[in-house]
Amino acid sequence: MTDPTRRLRMLSRAARAALVSCAIVALAGCVGIPSAGPVNPGISIRAEGVEDGAILIPEGPVRGAKPTQILQGFIAAFAGSQNNYGVAREFLGGDFKASWDPRSSVIVRTGGTRTESTASDQMSYTVNTVADVDSAGSYTRSPEPESQSLTYQFAKENGEWRITEAPQGIVLPESTFGSVFSEQTLYFLDPTGQRLVPDRRWFPTGAQPVRIVSALLAGPPSSLRGAVYSAFPDGTKLSSPLVPVQDGIAKVDLSPEALSSKATERQLMKLQLLSSLSAVSNITGVAISVGDSPLSLPSPSGALPQTDPQVDPRPLVFEKEQFGFVDNGKVASIPSLSSKIVSLVPTAVTLASNGTTAAVRSSGGVSLVTNSGPAVALDKRGGLIAPALDEDGYVWTVPAASPNAIEIFSPNGKMSTLAPALPVGSQIISLAVSRDGARVAMYLTTDAGPRLIVSAIVRSSDQAQLPVSLVADPVLDVTADSGTAVGASWADGLSVATLSESNGQPSVTLYQLGGPRVSLGHPDGARQIVGGNGGSSGLRVLGPEGEIQSLRGSGWIGSGVQVTFIATQR
């Protein structure tokens, strides 16, 4: 039987032979790198038995190519990660050929580019950066595009120009980044160890499991540090450069530091690994060892944390004198809770995941309502926005005009404050805590336009888990080009949907934490947005005359159900 790798190599040579004459013609007429449009990265071949699946095979340098053409080919070759970017290395010379590290970073660019010769053997390549990805796969989006100039040094080797100095890492257009890199989700733990917290990362498409496991062992990014933790003992690393997969089982051999873990931690270690590798198609289980000796893993004593917690798929609404779930066109009340909420004449409600507690805003402020007692008034300040609830039972309140005056109430009504240092002069439109309780999304109106800030929550180290501050390095901080902020909601554990309005036209945008943003169109007359299950497909907006609209395909479709407002489910 033909070896798959050899078969791929043969395909690659055949493809190059077929295209080499075209490449020579194209390069011969080239005087610089195009200022707009994607660079053709080469051909795509799907090789059976090769882990990368669909592989882009870029072209190597052509004999007699000028520095401009060498730089163009080098940048185009960034699309092919196979063999540690082997084709891209063909454009390099001297010691730099071995020292260049393409995995140290990725610059994600947008729009046109500019190339200039700064000396006979030097060129600059200027791009507009919209995001960057670090060596651990963490994606950070710039608040706005930033001009960045990269310098490349050339020298002749055996009569051919080669790049001998350049920045580490690679550059990719935003339009092709998603086809060259694929997202993976790593999972860390909330401080109690009861909830999994997702963290989106990006690796070359078809990346080996070792990249995912290594990134997980390296711990959470700076934006989550202090808000989450990893069950792996400090210093734990892979003891092998490979994570082999046999019969669906990923074999993870760890360094001796893993032996210091307790029994409960080992169960969580396995859960973190299995959850983080779940998107790899051929992995169904994990076996952990230390020095090739199996690590003892006792049976779990209780329920383990679950990924992606779900809510009731039915809309939760208030309509006239009814509060509950819409079922077959009618509002089904929640026993021992709905009547208490209705009596307050609510203007906004957030229901806890246990279904027995709700934070309610009314004309008198924010109250806590439970199914076991009377409503308790918490915050009577004027101008309060819709309250938030978190999984530890805390109610978050804040006036729209005073975004840094957040008050947090414990389940027994004790109040504390949190000042997040939001921009002076801004107004807060929405505040919502993620279902894992690790992050808070704050949607603001500023002089520069709508601004979305997502920050991780630092909690007290005691059993109370009181929110005490926010991590200084935000998970996300972006400002929209124009418009007015209307509302925002968590769409899932890794994305926040915003509703804004510009020139009378509503717009919905999905901001993926650690990923690109996605436009979700223009729902007619929308004035409220609420998340559900399934990311963007679970979003609902309140349209004209209070009709609930949902995203179906590329458009927003009315349900025929009219309500006063949609409540938020934790």
Side-chain angles (χ1 to χ4, degrees), residues 311-333 338 341-342 344-351 360-363 383-387 400 427-432 441 443-445 449-450 452 480-492 495-511 517-569:
V311 298
D312 194 304
R314 299 172 296 173
L316 181 64
V317 305
F318 175 70
E319 168 56 12
K320 296 179 180 178
E321 295 183 357
Q322 298 181 89
F323 178 82
F325 293 99
V326 175
D327 197 354
N328 293 323
K330 297 182 179 180
V331 178
S333 297
S338 288
I341 293 174
V342 169
L344 294 174
V345 190
T347 55
V349 177
T350 299
L351 181 68
V360 180
R361 183 188 65 182
S362 64
S363 59
L384 294 171
I385 67 171
Q427 285 204 335
I428 187 164
I429 305 301
S430 296
L431 182 148
Y443 194 38
L444 312 169
T445 290
L452 176 64
D481 298 333
S482 61
T484 302
V486 177
S489 176
W490 286 91
D492 56 32
S495 58
V496 176
T498 64
L499 174 62
S500 62
E501 185 178 82
S502 182
N503 298 321
Q505 184 179 51
S507 297
V508 176
T509 303
L510 188 72
Y511 288 92
R517 64 185 178 189
V518 181
S519 174
L520 296 181
H522 309 283
D524 183 34
R527 50 189 171 88
Q528 185 193 6
I529 187 166
V530 176
N533 300 322
S536 60
S537 64
L539 292 171
R540 296 184 176 99
V541 300
L542 198 63
E545 300 179 359
E547 183 182 26
I548 298 175
Q549 300 179 36
S550 300
L551 186 63
R552 295 294 178 265
S554 59
W556 292 87
I557 307 299
S559 65
V561 176
Q562 294 181 331
V563 300
T564 305
F565 66 80
I566 310 171
T568 297
Q569 297 184 64

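In what follows, every heavy atom counts, from backbone to side chain, and hydrogens, waters and symmetry copies are set aside. In this chain, numbering begins with 1 at the start of the sequence shown.
- Checked by atom type and distance alone, the side chain of D492 never pairs as donor or acceptor with a backbone atom of G534 at under 3.5 Å.
- I385 CD1 to T347 OG1: the interatomic distance, rounded to the nearest 0.5 Å, is 11.5 Å.
- Atom CG of residue N328 and atom CZ of residue R314 lie 9.5 Å apart, to the nearest 0.5 angstrom.
- Under the 4.5 Å side-chain criterion, counting only non-hydrogen atoms from C-beta, V563 is in contact with V561.
- How far OG1 of T498 is from CG of L510: 8.5 Å, rounded to the nearest 0.5 Å.
- Counting all heavy atoms, side chain and backbone alike, V486 lies closest to I429 at O-CG2, 3.1 Å.
- Separating the CD atom in E545 from the CD atom in Q562 is a distance of 5.5 Å, to the nearest 0.5 Å.
- Between I548 atom CD1 and R540 atom CZ the span is 7.0 Å, to the nearest 0.5 Å.
- Looking at Q569, its side chain does come within 3.5 Å of a backbone N or O of D312 through a donor-acceptor pair.
- The nearest pair of heavy atoms linking S502 to G483 is CB-CA, 4.0 Å.
- Rounding to the nearest 0.5 Å places CG of L431 at 11.5 Å from CG of L384.
- A pairwise comparison of heavy atoms in W490 and A432 identifies NE1-O, 2.9 Å as the closest pair.
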(request) Could you check L316 against F323 for side-chain contact (heavy atoms from CB on, under 4.5 Å), going step by step and ending with a plain yes or no? (result) CA-CA 8 Å; L316 181 64; F323 178 82; 3.8 Å; yes
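- Taking the side chain as every heavy atom from C-beta outward, S500 and T509 never approach each other to under 4.5 Å.
- Looking at every heavy atom in both residues, I529 comes nearest to L499 through CG2-CB, 3.9 Å.
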(request) Begin from the C-alpha positions of V317 and T564 and carry the test side-chain contact (heavy atoms from CB on, under 4.5 Å) through to its verdict. (result) CA-CA 7 Å; V317 305; T564 305; over 6 Å; no
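- Taking all atoms of both residues into account, the shortest heavy-atom contact from S489 to G531 is OG-N, 2.8 Å.
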Donor-acceptor pairs under 3.5 Å, side chain of residues 549-556 to any protein atom, not counting sequence neighbours: which ones?
from, atom 1, to, atom 2, distance (Å)
Q549, NE2, D524, O, 3.0
W556, NE1, L520, O, 2.8

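- Using a distance-only test at 3.5 Å, with no hydrogens or angles considered, no donor-acceptor pair links the side chain of E501 to the main chain of P506.
- Residue V360 comes nearest to P387 through the heavy atom pair N-CG, 4.2 Å, listed as atom of the first residue, atom of the second, then distance.
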